[in-house]
Amino acid sequence: MTATIETFAGRRPHVQPRRVGTGAVLRWELRKLAHQWRAKAVLLAALVGPIPVVFVIHGQSRPPKDSLFGRFATENGFALALLILGFAAQWALPLLTSIVAGDIFASEDQHGTWKTVLTRSTSRGRIFWAKTLTAALFAVVTLAVLAASTIASSVLIVGRQPLTGLSGQQIAPSHALALVTASWASMLPGMLAFTCLAILISVWSRNPAAGIAAPAVIGMVMQLVGALGGVEPIRPFLLSTGFEAWHGLLTAPRFTQPILEGAVTSAGWCVVTLAIAYLTLRRRDITGG
Amino acid sequence: MRRTLISVFLAIVAVVAVGAAAFALDSGPSSITKARIERSLPATFANLYVQRAALQGRTGLTPASLHAKTMCDKGGAASPDVGAGSDWNCLMSWTDPEVPMPPEGYGKFELQVHSNGCYTAGAPSKLVGFQTITDKKGRTVNNPAYEFDGCFDPQGDNTPTGVVFPSLLTVTSTTVQPTADHKAAVQISCGTGHGGCTGTVSATAGDVPLGSTTYAVKEEQTATLTLPTALPAGATDVTFTFTSKTGVVPPKPSTIPLQG
Amino acid sequence: MTEALAVDAQGVTKTYGSLRAVDDITIRVAPGEVYGVLGPNGAGKTTFLRMLFGLIRPDSGTIRIFGNTWQDAGVGALAGVAGFIESPRFYPYLTGRQNLEGLALLDGGTTPGRIDEVLAMVDLSDRADRKVGGYSYGMKQRLGVAASLLRDPRLLVLDEPANGLDPAGIRDMRALVKRLAASGLTVLLSSHHMDEVEEICDNVTIMRRGSVAFHGTIAELRAMAPDPGHALRTSNDTAAVRLAENHGVRVEIDDAEGGLTVTGPQQAVSAYVAALVAAGIELRALTPTQTPLEALFFMLTDDETGRMEPQDLDEMEAAG
């Protein structure tokens, strides 16, 4: 080793001991994310994934009638974008956000790096919020990319025909584009709630595989439970209910109460899961790594 | 590893708990009600019927001019008219100068209603046509009103619509089966509607009167009617004449051949 | 006003289930001191250092670092402290430099060029732009030192810094620690090698099964040390044993290895060997078996039934 060590005692510290803000930690988390192939893979999948799906459905001789808007999907771009929305809500959105959110805490266990970051000048709380914010930002970007790609490819490949709404009403193409975009946007609260859930599982399980798979499975279970008859009392508390709230945008007259209720439910899930995750991380003894 | 197993275990416990809660709370009020469907279905159908008419080059029809109204029922008289299921039936009447309603005054729609407040409806093809129609340019196009999806506001207006249609009584037997003591028996069915089917039936075999009997059948149920007088020898068919107290009966007497 | 102690740990205890990983430890490190914590693997050294860094919460007792506690100052208690515990860990998908840049962000930033400086200090300048995933164990260890120096600490905590290194790596690492210590840094060094600690430390605590087995200066430790031992091979072992009685050394026949073991003060051993030669007994080999401090270390810590690995701790925590 080179002998360039001068007198340490005499030198002025380069680092003034001070608390580090969440912003700096957020920058660090975003930089790490930018270097992870899985984050790039998710964004790439969200960008190009809808294109073959649009081609395949467009090429079907019999439209998939058993899903909402399926009966128009082969000949109407807006209907196809809404059909894909219905499928995406069932499993793609929870999975896509979990690939980052379910890993963002557990990967520190996987790499044994908790001790590396927690022995700097940043509190556990700031690291927690920076990671949570990173996962949430990623969810927003992923949803935006997936929505833009699906709507653009559907409209470009299938076309801009007038859309028949859920009250049988005809919707002009320009208005339909706005409604389809709003429908995709209404997925955001639910997707963020799944992000929070993935964060909790990531913190608690310390296992990236569990953090990624469990929210997707829970999403499917909610979907199944919600589709059962006789579950009216618990339906409002399921995240899958909010994923169907966009139906109200496509009816005449429009109803948006379910979207608001879905947002409140999602906020509730986030508050509970993040609180448990935060306390778990704060109280945890870091013995590994 | 242990943590992963605990996670899986807790997830299973959570799912079981949710399932158990779902069954325990089974009696909770459903947002899927007769009144909401009765408001949503006619509006949706009217829009699509007008769309269909426009495809065929007809003008002058508007959703409002159809005056569509419906009465819905889930699973017959015995079952409460609430909740998701594929056993919803709706009787709908509307006004189209070119397509008059049948004598009972309505067509019957079959609905599959989902727990999220959306439904798939199948229209009566006698009144609406089949899957495809020929448009004004002679092309074969999809019939928008034949089968369609709709959704209603799960918190929408839930006051009863008050729309009521009578049940339609139909004779389901294609032949008259003599009973052991040579009496004429026939099976009838009472369709979806309000109040079921009650009234009197009288019959003749040729010129020989077979007497009359009263009937009372609840909606979406069947019954076998036996006439009091024995069949004369050599009778080949029986003519039934229905007189309704509630429900709609066939306007003309029905003549049904005797078996054997 | 007296300067606050660099480390002032009082009665620190940590229990996992029925196991006392750290049992009522008190350690005081004065500023500028080079302090050794010695003990076999599983003696509780690492658990203690994790508590110092706030990674583990003690069940009882207090730890002050330059006068600050975790309870009062939070992560501010780590101001002026740097180091690593067990082998340092980094993000394998980032380069060495990117790892350091990120850690600098978590420190509140650094001055330009400082990262290059610390990389040069640990001789990693030419590997800095390769992904850490491809680093050897020794390179990661050195990157760990660089990451610590980046904080310009007043107290440097090194946990088994030479662990897992090849002989050349051990020599380099010890030289680096010595230079750092000589520069006036307070160093808290944990090790299970007596010679590593003996070379550079002023004060030492020897831990055994979570408790303090010895505490004092190296000089005090030396005073307690037993006589050095030697293995001796002669042409006539029986005569050699008989001759020992007059020379103040203890000579025993080593049944396991064959030959003799000689224990006694260095001068007495020399006189005894001279006497052997004078008596016409042929001397075939005389080799030192243990240094006195090593012998003392093994005496103080020979019971390893409380042995515990970090993985065990993790499991226990999961169960608890």
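Owing to the predicted nature of the structure, the values given are computational and were not obtained by experimental measurement. Residue numbers start from 1 in every chain, and the chains themselves are labelled A, B, ... in the order their sequence lines are given, proteins ahead of strands.
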Check step by step if side-chain hydrogen bond (donor to acceptor under 3.5 Å, both in side chains) holds for A:T195 and A:T97.
-> CA-CA 6 Å; A:T195 307; A:T97 186; 2.6 Å; yes

Let me know if C:A82 has heavy atoms under 4.5 Å from chain A in its side chain, its backbone, both or neither.
-> neither

For chain A, find which of C:L124, C:T186, C:L105 contributes the most heavy-atom pairs closer than 4.5 angstrom.
-> C:L105

For C:Y91, is it the side chain, the backbone, both or neither that has a heavy atom under 4.5 Å from a heavy atom of chain A?
-> both

Is C:D116 salt-bridged to C:R97, going by a charged N under 4.0 Å from an acidic O?
-> yes

Residue selection (most heavy-atom pairs with chain A, distance under 4.5 Å) from C:M51, C:K14, C:R89 | C:R89

Is the shortest heavy-atom distance from the side chain of C:V118 to the side chain of C:L100 under 4.5 Å?
-> yes

Contact check, side chains of A:L137 and A:V140, non-hydrogen atoms, under 4.5 Å | no

Any side-chain donor-acceptor pair under 3.5 Å between C:T13 and C:D59?
-> no

Sort C:L106 into side chain, backbone, both or neither according to what part of it lies under 4.5 angstrom from a heavy atom of chain A.
-> both

Do C:D129 and C:T95 meet the criterion of a side-chain donor-acceptor pair at a distance under 3.5 Å?
-> no

Pick one of side chain, backbone, both or neither for A:E108, based on which atoms fall under 4.5 Å of a heavy atom in chain C.
-> side chain

When only pairs under 4.5 Å are counted, which of A:H35, A:R124, A:R27, A:R31 shares the most heavy-atom pairs with chain C?
-> A:H35

